[in-house]
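The structure under discussion appears below in the form of C-alpha cells.
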Amino acid sequence: MKKSLLRVALLSMICLTVALLHGQSGATPSDDPFLWLEEPRALAWAQAENERTLGSLQSDLRYDRFYRDDPPGKRPDSVRFADTSSSRNFWQDASHVRGIWRRTTFESYRGQDPRWETILDIDALALAENKNWVYKDRSCFGRRCLVRLSDGGKDAVSIREFDTEAKSFVAGRFQLPEGKQSVSWIDRDTVLVARDWGEGTTTEAGYPFVLKELKRAQPLDQAREVFRGQRTDFKIVPLVFGERRIDVTGVERRINGFERQYVLFGPAGPIELDLPTKASIVGIASGRLLVKLDEDWIRSGDTSFKAGSMISYDLAEWKQDPLRAKPSVVFQPNSRQALRGFGSTRNFLVLTILDNVQSKAFVYRYDQSAWHATPVPLPENATVSLSATSAQADEMTFTVSDYLTPTSIWYFDAESKRLELLKTAPATFDASKHVVEQLEATSRDGTRIPYFLVRPRSARFDGSTPTLLYGYGGFQLPLLPSYAGPMGRLWLEQGNAYVVANLRGGGEFGPAWHRAGQGATKQSTWDDFIAVADDLIRRKLTSPRRLGVIGGSQGGLLVGTAMTQRPELFNAAIIRVPLFDMLRFTQLGAGASWTAEYGDPAIPEQREWIEDYSPYQKAGSGQGLPGAFHFHLHQRRSRASCPRPQGCREARCTGPDLFLL
C-alpha cells in the first residue's frame, strides 16, 4: 500500500489525545494492566505521545507543503434567516479561530462581498475573560438569546443571556453555571431548565432528569420543579414550541437514545401523550403539529402508520384534546427511502428525502384537508440539506454537495418557485480525473448493501489502486456524499480511490435499516462492511495489500471489528475516537446511554452477543493483525489492544486517530 501517502493524508488531523498499549487476551478488570487509561493521569501521558507524534510528522518534507496548500475557510457561508430582511451565521476562519456570530441583510448576502456586522466575537470574549470558550449554540426569544458556551469544548456548558441589538450580555440576565443542561424560553422572563440541581438529580449517563421553571433574577435553588424523570433515563429536555407564539410547553423524557415519552403541562395538570415511544415531535407547519415515527404505529385499532413516516395533527384540535385528535399522513417512505430533514416557512413545510441514498427536496402545502408536495428542482445525484427557513416569508436555503463538486448554497422561494444559486465554494483539488459510482455488495445474509466509489477514471482494475474504505453503520445516522476537501487534495489527487459504505445500523433506509444492525443484530453491520471490502477486491479495483479502512467513534468500533474478524483483508487503518472495550463501555462517560444501540453487557444474554465481537478482547492474541493499534481515548477513557505482529516495521499516530502501517 502507498503507506507514505496514507500518512500524509492525515497530517491535518493532529490534535487531542492518543494512547498506545498492548492488550491481553481475556483480560478482566481485576487483571487488566491498562485500567489506568480510564484515569485522568492518562491524559498527560497521551499529550506526551501527541507531541512525539507531531514532531515525527512535521519532520516529513511534505508536511509544510500540504499544510500551506490546504485552503482554510474556503466554504460557502450558509445563513439563518432572522427575519425577512436579515440573515445571521456563525463563522470561523484563520482570523477567527473560535468564531464570530454575525449578521447582514439578505440582499447583501446575495452579493460577492457581503457586509457583515459582528454580533458576538468569541475570540475576543475568551481573551477578555481568560477562558477557553467554544461556542455551542443559542436559542432566541426576540432580540434576547441564551448563548451556550463550553470551556474547552466539553459537553458541560455555561448559559448566558445576550441582547442581539445591544450586542452585549444582559444586566440582570439569566445566567446558568457550567453543567450538562438544556433550557427553553417560555416568555421574556421565564425559562424551563433541565440541569444538575444537586445530588441525585442526574441520570446514570450523567444528564439531568429534573426539570424546573426559573424566573428572571431568581436564584437556582428557588426554581420550581415541574417534572421529574427517572435515574435510569438517558435525560430530559424542555418541550416548548409554537408558530408565531408559544403554543405548547412540556417535557421530552428520553428514556434511551431512541425511545421518548412526551408530557404536556396543561391547566389541569400534566398530560402524557398517546404516541409510540419511538416517535418525535418535530415542530409546527401550516397550523399543524408534526410528528416523525420511527416504528410502525397502529392507533386505536383503526389507523396504521409505517415506521419512517411523518404525520400531522390539527394544532387547535390537538391542543383542545391531544388524546382524541386524529393524525393524518404527510410522508410515508417505501423500503428504499428515508425522511432526512424538515423545516417550515410561513405557509409551507419543507422535507428532504433519501431515495436509494440520493437526496431530493420537496415543499408541502396543506390545502383542503391534505398535504400537497412540489419538488424543488435542485441538482441531482448530490446530497441536499435544508440549511435555513424563514418564519416571516416562504423563503429557504439548501446546501448541496457531492464528492467531486464543491459545496453550494441555493435559495428557493416556495411561493414564486424561484430558484437561485447563491454561493459556491472554490474547488480545493482537481476532480477531473475521478468519477463517482454507486454500487452494491451482497452481505452474508443476502442483503444488498449500497456503497459509493470515488475512483480514478484510468483505474486499471488489476487490484493495484490504493483504496480507503469508510463506514459508520450506527445510531440511525446515514453516510451521504459530501465534497471530499482535504481527502481529495491529499488522497484522490494522488491517483487513489475512496469508498463510503451504507451499512445496516445507519439511517440510509430509515428505522428498519437501523434495527437490522442494532443490539442482537449488530453483527450485520460488521458483515456489511466486510462484504463491501470483499466486493472491491472481487471487482479487482484493489487488493488486500492496497486496501485501508477508516472510521470514527461507532465507525472506529466498526473498523476494530473488521480488523479482528477479517484481518487478512486490510493493510492499513485509520481509527478516530474508537469505542473498543464493549464489555466496559457503559462505565465510560455517557456510555450508559448507548445500551439501546449495542445492548447491556451487565445482562448475560446481551453480554454474549457483545463479547462475540468486542475488539479489545478479540485483538489480544495479535494473530494476523497488520500493525499496532493507536487510538484516541473515547470520552477520555476508551481502550484498545495494540499487538505488534512480527514484521511490523513502524507505527505513526495522528492525534485522535488510529493509524496502522
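Between the T561 side chain and the Y613 main chain, no donor and acceptor come within less than 3.5 Å of each other. Under the 3.5 Å distance criterion, the side-chain polar atoms of D233 are left unmatched by any main-chain donor or acceptor of K235. Under the 3.5 Å distance criterion, the side-chain polar atoms of Q606 are matched with a main-chain donor or acceptor of D600. The backbone N or O of L239 lies less than 3.5 Å from no partner atom in the side chain of E252, so there is not a single donor-acceptor pair. A donor-acceptor pair under 3.5 Å links the side-chain atoms of D296 to the main chain of A307, judged by distance alone. Under the 3.5 Å distance criterion, the side-chain polar atoms of W513 are matched with a main-chain donor or acceptor of L503. In this structure, the side chain of T521 engages the main chain of R515 through a donor-acceptor pair within 3.5 Å. With hydrogens and angles disregarded, a donor-acceptor distance shorter than 3.5 Å links the side chain of Y262 to the backbone of I281. A donor-acceptor pair is defined here as one N or O able to donate and one able to accept, closer than 3.5 Å; no such pair exists between the side chain of W36 and the backbone of R41. The backbone N or O of L149 lies less than 3.5 Å from no partner atom in the side chain of K136, so there is not a single donor-acceptor pair.
Side-chain contact check for L273 versus P322: some heavy-atom pair is nearer than 4.5 Å. The shortest distance between side-chain heavy atoms of Q476 and Q518 does not fall below 4.5 Å. Taking 4.5 Å as the limit, some side-chain heavy atom of R336 sits within range of a side-chain heavy atom of P450. Between P601 and T586, the closest side-chain pair of non-hydrogen atoms falls below 4.5 Å. Two residues are said to be in side-chain contact when any heavy atoms from C-beta on lie closer than 4.5 Å; F570 and V559 fail this criterion. The closest side-chain heavy-atom distance from Y207 to R254 is not below 4.5 Å. Inter-residue side-chain proximity for K292 and F342 is flagged as met; some heavy-atom pair is nearer than 4.5 Å. A 4.5 Å side-chain heavy-atom check between S553 and P578 finds every atom pair outside the cut-off.
In the model, Q261 has a side-chain atom that pairs as donor or acceptor with a side-chain atom of E272 under 3.5 Å. One side chain, S443 or D528, offers a donor N or O that lies under 3.5 Å from an acceptor on the other. For S385 and R340, the side-chain atoms include at least one donor-acceptor pair closer than 3.5 Å.
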task = In sequence, state the C-alpha distance, the side-chain angles, and the governing distance for L289 and V248, and then conclude on side chain to side chain contact (heavy atoms under 4.5 Å, CB included).
result = CA-CA 10 Å; L289 180 79; V248 176; 5.7 Å; no
query = Going through the distances and angles, do D32 and R584 end up as a salt bridge (Lys or Arg N to Asp or Glu O under 4.0 Å)?
reply = CA-CA 12 Å; D32 188 337; R584 284 178 62 82; over 6 Å; no
query = When you look at K618 and Q565, which way does the side chain to side chain contact (heavy atoms under 4.5 Å, CB included) test go after all the steps?
reply = CA-CA 8 Å; K618 296 297 180 182; Q565 292 185 15; over 6 Å; no
message = Before you tell me yes or no, could you show the steps for K522 and Y598 under side chain to side chain contact (heavy atoms under 4.5 Å, CB included), namely the whole-Å CA-CA distance, both residues' side-chain angles and the distance that decides it to 0.1 Å?
response = CA-CA 7 Å; K522 199 66 192 169; Y598 302 114; 4.1 Å; yes
inquiry  = Set out, in order, the CA-CA distance, both residues' side-chain angles and the distance that settles side chain to side chain contact (heavy atoms under 4.5 Å, CB included) for V183 and F174, then state yes or no.
reply    = CA-CA 10 Å; V183 57; F174 286 111; over 6 Å; no
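Considering all non-hydrogen atoms of both residues, N502 and E508 come closest at ND2-OE2, 3.2 Å. The two residues V134 and G153 have their closest heavy-atom pair at CG2-N, 3.6 Å. Among all heavy-atom pairs drawn from A279 and V291, the shortest one is CB-CG1, 4.2 Å. Closest of all the heavy-atom pairs between D274 and L323 is N-CD2, 3.8 Å. Across P511 and L293, no two heavy atoms sit closer than the pair CG-O, 4.3 Å. Summarising the geometry of K180 relative to P208, their closest heavy-atom pair is O-CD, 3.4 Å, with the distance given to 0.1 Å.
The distance from atom CG of L583 to atom OH of Y616, rounded to the nearest 0.5 Å, is 10.5 Å. In this structure, CD1 in I271 is found 11.0 Å from CZ in F265, a value given to the nearest 0.5 Å. To the nearest 0.5 angstrom, R195 atom CZ is 6.0 Å from L176 atom CG. We find the CZ-CZ distance between R228 and F209 to be 5.5 Å, quoted to the nearest 0.5 Å. Note that CZ of F585 and CG of L557 are 9.5 Å apart. Values are rounded to the nearest 0.5 Å. Residue D294 holds its CG atom at 7.5 Å from CZ of R260, rounded to the nearest 0.5 Å.
R607 has no carboxylate O lying under 4.0 Å from a charged side-chain N of E605, or vice versa, which leaves the two without a salt bridge.
Sparse packing is recorded around NZ of K131, with 12 or fewer heavy atoms of other residues, nucleotides or ligands lying under 6.0 Å away. Other residues, nucleotides and ligands place no more than 12 heavy atoms under 6.0 Å from the CD atom of E608.
Using cut-offs of 30° and 60° on the angle between ring planes, the pair Y470 and Y498 is parallel. The aromatic rings of W594 and F475 sit perpendicular, their planes meeting at an angle over 60°, well past the 30° parallel limit.
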